[in-house]
Amino acid sequence: MRPLRADFYRRPVVEVARDLLGCTVVHGATAGIIVETEAYHEGEPASHAFVGLTARTRPLFGPPGRAYVYRSYGIHALLNAVCEAEGVGAAVLIRALEPTRGLEEMRARRGAVADDRELCSGPGKLTQALGVGLEHNDTDLARGAVRILARVEGWEPGGVTVGPRVGITRAAEVPWRFALAANEHVSRPRPGARRAAAVRAG
DNA sequence: CATGGGATTGACT
DNA sequence: GTCAATCCCATGC
């Protein structure tokens, strides 16, 4: 498995979000297969890039293939892969991994969890498990400490679930969330997360 | 300079 | 189902 190069990310962000399923995130001795992603684009209000170029969003508008890591709710670090051409604010949020290497280290970082399916089943959980933090913001995902590797040869996604993104209040109806349908390591859809989309659809 | 709101999680009722 | 923890940063005065 080789690191994904900038060309992989320099495409429509929704395509990249789908194609990142099955790829591997590595940091040190820990690694996991991506099983859930979400796409964000400057053209819609749920994206941080919607406000334009600021100190915070600068990495989003930078060259593709770098990390955008930010603090959420004052507690968690969330990992994104910057996409599309330089100057366009777009990124894929990595929402869940299936742990493959360094399970003991992950358990140590995560504290007591019921079972290994909960080690990386959420965007805040996986960064904690892999030891990814704000210091990795704007680092190169092909050469830096945190890397994303291509799918293994012959890997097939099987069933992919497409649906609305989780935990947002604006543009909640856009179906830009992708997950491996049968995978046990995806994040649990927040039951309390706005039924607005469903109501609107019904 | 003060304020308010999150791309969440885990504990508790 | 409900709610608190906690901090960066965009916004407005």
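In what follows, every chain begins at residue 1, and chains take the letters A, B, ... in the order their sequences are listed.
With a cut-off of 3.5 Å on both Watson-Crick or G-U wobble distances, the partner of dA7(B) is given as none. In this structure dT6(C) sits in no base pair that meets the Watson-Crick or G-U test at under 3.5 Å.
Residue-to-nucleotide proximity on DNA chain C shows that, of I75(A) and L134(A), the 5′-proximal contact is made by I75(A).
No engagement by R165(A) is indicated, since no non-hydrogen atom pair under 4.0 Å with the nucleic acid exists. Using a 4.0 Å heavy-atom distance criterion, R110(A) is classed as a sugar-phosphate-only contact.
Taking atom NE2 of H76(A) as the reference point, atom P of dC7(C) lies 12 Å away to the nearest angstrom. When the C1' atom of dA7(B) is taken as reference, atom CG of L93(A) falls 5 Å away, rounded to whole Å. Atom CG in N137(A) sits about 9 Å away from atom P in dC9(C), given to the nearest Å. Summarising the geometry, the separation between OH on Y73(A) and P on dG10(B) is reported as 14 Å, rounded to the nearest angstrom. Rounded to a whole Å, the CZ atom of R71(A) is 15 Å from the P atom of dA10(C).
For dA7(B), the base is stacked against the aromatic ring of Y40(A), per a cut-off of 5.5 Å between centres and 30° between planes.
Using modelled atom types and a 3.5 Å distance limit, the side chains of S187(A) and E36(A) yield a donor-acceptor pair.
At least one donor-acceptor pair closer than 3.5 Å links the side chain of T57(A) to the backbone N or O of G52(A).
Looking at heavy atoms from C-beta onward, Y9(A) lies in side-chain contact with L141(A) at the 4.5 angstrom threshold.
In this structure, R66(A) is not positioned above the aromatic face of Y68(A) in the sense of NZ or CZ being under 6.0 Å from the six-membered ring centre and within 45° of the axis.
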